[in-house]
Colleague: 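Okay, here's the structure, questions in a sec.
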Amino acid sequence: MKPIRSGMVVGIDEAGRGPLAGPVVAAAVILPAECPIVGLDDSKRLSADQRATLEKKIKQHALCWAVAHATVEEIDTLNILQANLLAMRRSVADLDHKPSLALVDGNRDPGLGLPTRTVVGGDGLHEEISAASILAKEARDRMMQDLAQKYPAYGFDRHKGYPTRMHMKALDRHGPSIHHRRSFAPVRRSLDAQD
């Protein structure tokens with residue numbers, strides 16, 4: 001993994017595009033020229049313990065970082081792609097420093113108003129994007145754990161809103177909560193079944 005750090009380079013990634021419930025979360029991270037953090041990688045390749053340890057190190061050593069989200073209502077109004085890009089723009093807007101270049105995981109330019117490179121699989125290629133993927137994943141997981149306390153019937157702490165068998169059974173049994181994405185087909189079907 002080779003860093004690109006000629007100037008203020010921000011890495012941007014998201015968590016939560018695929019789930020049926022909860023927000024989509026984006027993070028933006030600017031790392032120092034000499035990054036002392038070992039083990040940065042795509043958050044999906046890391047264990048929960050590894051992510052938790054790395055999250056602390058990222059927040060400690062990053063020049064700046066920010067986490068932002070788009071709500072379920074915004075997802076349903078805009079669609080998941082546009083809500084995802086909105087969360088990315090919000091995360092960059094919340095940074096303490098203005099970056100000179102953005103490295104964005106994926107193939108969509110969020111429209112940040114600064115030079116941007118989209119990188120498919122970037123969370124496994126660039127440390128900046130890896131760091132952002134870890135912060136986004138950890139932040140979203142905590143949000144879903146909080147929702148699990150308020151809505152224990154759905155098991156959000158276990159599946160984080162993804163369409164697992166357990167989640168689908170809970171959705172069939174209880175119908176959608178206010179935190180389910182009504183624009184997603186399985187949730188729409190569940191709503192129709194409740195009528």
Colleague: Would you check if T53 and K57 make a side-chain contact, meaning some heavy-atom pair closer than 4.5 Å?
Modeller: yes
Colleague: Under a 4.0 Å threshold between the charged nitrogen and the carboxylate oxygen, would K59 count as salt-bridged to E55?
Modeller: yes
Colleague: Walk me through whether K98 and M8 qualify under side-chain contact (heavy atoms from CB on, under 4.5 Å).
Modeller: CA-CA 7 Å; K98 183 172 174 60; M8 289 278 192; over 6 Å; no
Colleague: Take R90 and E74 through the test salt bridge (charged side-chain N to carboxylate O under 4.0 Å, His left out) and record every step on the way to the result.
Modeller: CA-CA 13 Å; R90 286 174 174 165; E74 288 170 325; 2.7 Å; yes
Colleague: Might you point out which heavy atoms bring F184 and I75 nearest each other, and give the distance in Å?
Modeller: CE1-CG2, 4.0 Å
Colleague: Among Y151, Y162, F156, whose ring pair (Phe, Tyr, Trp, His ring centres under 6.0 Å) with H167 holds?
Modeller: F156
Colleague: Go through the steps to decide whether L31 and L40 satisfy the test side-chain contact (heavy atoms from CB on, under 4.5 Å), and finish with yes or no.
Modeller: CA-CA 12 Å; L31 295 174; L40 290 172; 4.2 Å; yes
Colleague: Is the shortest heavy-atom distance from the side chain of I37 to the side chain of E127 under 4.5 Å?
Modeller: no
Colleague: Where do V187 and R182 come nearest, in terms of heavy atoms and distance?
Modeller: CG1-CA, 3.9 Å
Colleague: Is there a path of hydrophobic side-chain contacts, each under 4.5 Å between heavy atoms of I/L/V/M/F/W/Y residues, joining M143 to I80?
Modeller: no
Colleague: Does some side-chain heavy atom of D109 sit less than 4.5 Å from a side-chain heavy atom of V104?
Modeller: no
Colleague: Using a 4.5 Å cut-off on heavy atoms from C-beta on, say whether the side chain of H126 contacts that of V9.
Modeller: no
Colleague: Got a sec: does the CZ of R158 have more than 12 other heavy atoms crowding it under 6.0 Å?
Modeller: no
Colleague: Are more than 12 heavy atoms, taken from residues, nucleotides or ligands other than R17, located less than 6.0 Å from that residue's CZ atom?
Modeller: yes
Colleague: V29 vs E128, test: side-chain contact (heavy atoms from CB on, under 4.5 Å). Steps then yes/no.
Modeller: CA-CA 6 Å; V29 179; E128 295 87 352; 5.7 Å; no
Colleague: Do you know the tightest heavy-atom contact between A139 and V67?
Modeller: CB-CG1, 3.7 Å
Colleague: Check whether any side-chain heavy atom of M168 sits under 4.5 Å from a side-chain heavy atom of P186, and report yes or no.
Modeller: yes
Colleague: Is the closest side-chain heavy-atom distance between M144 and D157 below 4.5 Å?
Modeller: no
Colleague: In this structure, which one of K44, R45, K137 forms a side-chain contact (heavy atoms from CB on, under 4.5 Å) with D123?
Modeller: K44
Colleague: State, with a plain yes or no, whether a side-chain heavy atom of L20 is found less than 4.5 Å away from one of R181.
Modeller: no
Colleague: Could you walk me through whether D96 and I30 pass the side-chain contact (heavy atoms from CB on, under 4.5 Å) check?
Modeller: CA-CA 10 Å; D96 291 336; I30 299 177; over 6 Å; no
Colleague: Can you confirm whether H69 sits close enough to T71 that some side-chain heavy atom of one is under 4.5 Å from a side-chain heavy atom of the other?
Modeller: yes
Colleague: Minimum heavy-atom separation for R140 and A21, please, with both atom names.
Modeller: NH2-O, 2.6 Å
